[in-house]
Amino acid sequence: MGSAGSYGVGTGNSGAYMTEIAEPIRFEEEIRSLIQARFDAPPVSGGSFTALLGLSANQAVGLLHEPGAGEVSASAAASSPTGLGHPLGWSPTFPSNAGLAERAASFPVFAAADSPASSSGGRPSPQLKAEPSDSDSSPPLPVPIDKPRRPAKRKDCEKQKAKGPAKKLKTAEEHTEDDQLPYVHVRARRGQATDSHSLAERARREKINARMKLLQELVPGCSKITGTALVLDEIINHVQSLQRQVEFLSMRLAAVTPRIDFGGLDSFLMAECGPLAASNGRGEVALDPVSWSSDPAPGTGQRTDLRPSQQSSTAWVYPYGLINHGTSLFGYGAANSVCMILFNSSYPVLYKFSCSYSNNNFDLCS
Amino acid sequence: MQATKSFERAFLRQLLRVFRLSAVSYKSMSLQERKSAIKLSADVAMASARGSRKWTRGLIAKLSEEDEHRSFLRLILGTEYERLTKPCHGSWKIPRSKKIVRRSLRVCSRRKNNLRAPHGFKSSVLARTLVEKRTHALKRLVPGGESLDGYSLLDEALDYVISLRAQADLMQKLLTTFEASKLSALSKCTLPERKASFVGK
């Protein structure tokens with residue numbers, strides 16, 4: 001099962017992966033700048049790899065940064081002799097698409113590293129992992145094979161990975177002066193396979209790891225945990241606790257609801273908010289730190305919350321009249337009006353409720 | 001990562017609407033019935049506010065399993081109900097023979113183990129089993145998660161967690177609001193004084 005397999009591999013290497021995320025950013029920029037500079041790549045000639053590239057550029061970019069897996073290299077080593085059968089003219093090419101850069105940037109792997117990458121994006125260094133076009137020398141594909149085939153041990157792989165980027169950077173700088181090449185040889189990491197299957201697997205794993213990172217940020221206390229299984233544990237616990245919380249809250253609401261006079265609630269809202277709307281603009285409202293909307297800065301949020309209530313002061317009048325005329329309070333019209341009030345003023349009503357009553361420290365207009 | 005304001009607003013709107021519509025019947029229910037009715041309405045409001053996602057469909061499908069809920073759902077959601085219950089493109093399960101699937105899984109796992117674990121006990125196998133167990137548990141938790149693969153499962157779980165958190169927050173605030181208004185209803189005599197101090201400040 002692909003997903004399980006990818007999880008298994010990811011578990012072992014997640015530690016190594018985390019520390020290396022800084023490295024791939026530079027390469028991604030290099031590739032992006034290269035792609036932007038080149039506009040007339042010859043059409044792709046054969047090879048499943050190019051089809052893969054044509055299929056999804058994001059994955060292709062991600063492939064170059066994939067941390068190696070011991071198991072993968074072992075299987076790749078077994079299957080690489082077949083890979084040598086590629087013709088010499090075989091070359092992977094990035095599709096000549098300037099939009100590739102944007103797609104590469106939107107690749108989820110770089111979600112966390114997006115700001116540094118995008119801020120320094122477009123760096124003009126035309127470094128690339130490329131061989132000179134007139135390479136009578138062996139194409140890049142056999143290069144991983146020339147290196148001594150190591151047993152599929154994780155430690156060795158990590159050592160290789162540590163050396164790999166440095167080595168590639170050196171060779172890249174060697175070719176800096178070269179003119180724009182007609183095609184790009186994509187060089188895999190040292191000791192890794194360029195088999196299309198393993199590449200696809202690696203791309204999938206990249207996607208999954210990116211999602212795992214997002215979930216880790218979401219669940220509190222999960223960012224320190226390494227290892228897929230433990231992170232999944234935390235996620236499951238969090239979901240269960242949230243579900244239990246919702247059930248508990250619904251029980252409490254059920255206890256409160258029968259004694260709620262929805263009509264009374266309406267008139268209370270009107271009564272409380274009428275004078276406030278009249279006296280708005282005077283000073284700050286000390287709002288509860290628990291803010292309703294997702295405002296990160298409650299200080300600034302307060303000001304903006306007051307202003308809409310000024311503009312919507314006319315909105316108060318209408319429902320006030322509505323209530324006074326004794327219209328049916330269970331109709332949708334009343335609900336609409338209450339909702340309108342709440343929305344127009346971004347729920348300062350609820351703010352004030354929680355401030356003034358439940359917390360006993362309401363400090364309205366100064 | 002936070003829920004968007006439009007989501008929260010739509011959620012609140014739906015929830016209040018449901019409360020108004022069913023407030024009459026709330027008086028004649030027992031506590032347990034009210035609790036399940038409120039939970040149902042909260043779930044429906046959350047799903048309808050979120051729109052069309054795999055987990056919302058799964059949730060609504062799960063809720064519509066009982067006939068009495070189905071009419072309630074139809075009332076609340078209106079035309080959206082038909083749209084949401086229609087099977088979307090990704091969720092059609094291809095009918096597979098269990099025997100063949102089992103056999104192929106066995107062959108696949110054996111091949112994998114032979115290729116990757118020729119020598120003795122591999123930690124990755126253990127890690128894989130642990131992760132598989134947890135993946136199944138997560139699939140059971142997230143509504144509609146049974147038929148999702150690894151990546152979409154994580155995607156839906158992410159969305160679901162955000163919405164659940166927003167739901168809990170909203171219900172908490174609604175609760176404090178209701179309790180506060182109940183207090184004020186009890187202490188109506190002090191209301192004018194409060195109003196005066198309100199305005200005077």
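In this text the structure is predicted, and so the values were computed from the model without any measurement. Atoms considered below: every heavy atom in the structure, side chains included; atoms not considered: hydrogens, waters and symmetry mates. Residue numbers start from 1 in every chain, and the chains themselves are labelled A, B, ... in the order their sequence lines are given, proteins ahead of strands.
- Minimum interatomic distance between Gly150(B) and Ile208(A) (heavy atoms only, all atoms of both residues): C-CD1, 4.5 Å.
- Just one residue in the list Gln172(B), Gln167(B), Met46(B) forms a side chain to side chain contact (heavy atoms under 4.5 Å, CB included) with Val246(A), and that residue is Gln167(B).
- A pairwise comparison of heavy atoms in Val161(B) and Leu242(A) identifies O-CD1, 3.9 Å as the closest pair.
- Across Ala168(B) and Leu249(A), no two heavy atoms sit closer than the pair O-CD1, 3.3 Å.
- Rounded to the nearest 0.5 angstrom, Ile236(A) CD1 and Leu138(B) CG are separated by 5.0 Å.
- Side chain to side chain, Arg204(A) and Tyr151(B) fail the donor-acceptor criterion of an N or O pair below 3.5 Å.
- Contact between Leu154(B) and Leu232(A) at its shortest, heavy atoms only, is CD2-CD2, 4.3 Å.
- For the set Val231(A), Val256(A), Val239(A), Leu218(A), the entry with the most heavy-atom pairs within less than 4.5 Å of chain B is Leu218(A).
- Residues Gln243(A) and Tyr160(B) form a side-chain contact, since some pair of their non-hydrogen atoms from C-beta on lies under 4.5 Å apart.
- Panel note: side chain Arg134(B), backbone Ala229(A); a donor-acceptor pair is recorded below 3.5 Å.
- The distance from atom CG of Leu158(B) to atom CG of Leu215(A), rounded to the nearest 0.5 Å, is 4.5 Å.
- For the pair Arg165(B) and His238(A), the minimum side-chain heavy-atom distance is below 4.5 Å.
- Contacts with chain A (heavy atom to heavy atom, under 4.5 Å) involve these residues of residues 28-36 of chain B, listed by number: Leu31(B), Arg34(B), Lys35(B).
- For the options Leu130(B), Asp155(B), Leu126(B), heavy-atom pairs under 4.5 Å to chain A are most numerous at Asp155(B).
- Side chains of Arg252(A) and Met171(B) form no contact here, defined as non-hydrogen atoms less than 4.5 Å apart.
- Distance check: Leu174(B) CG to Ser250(A) OG gives 12.0 Å after rounding to the nearest 0.5 Å.
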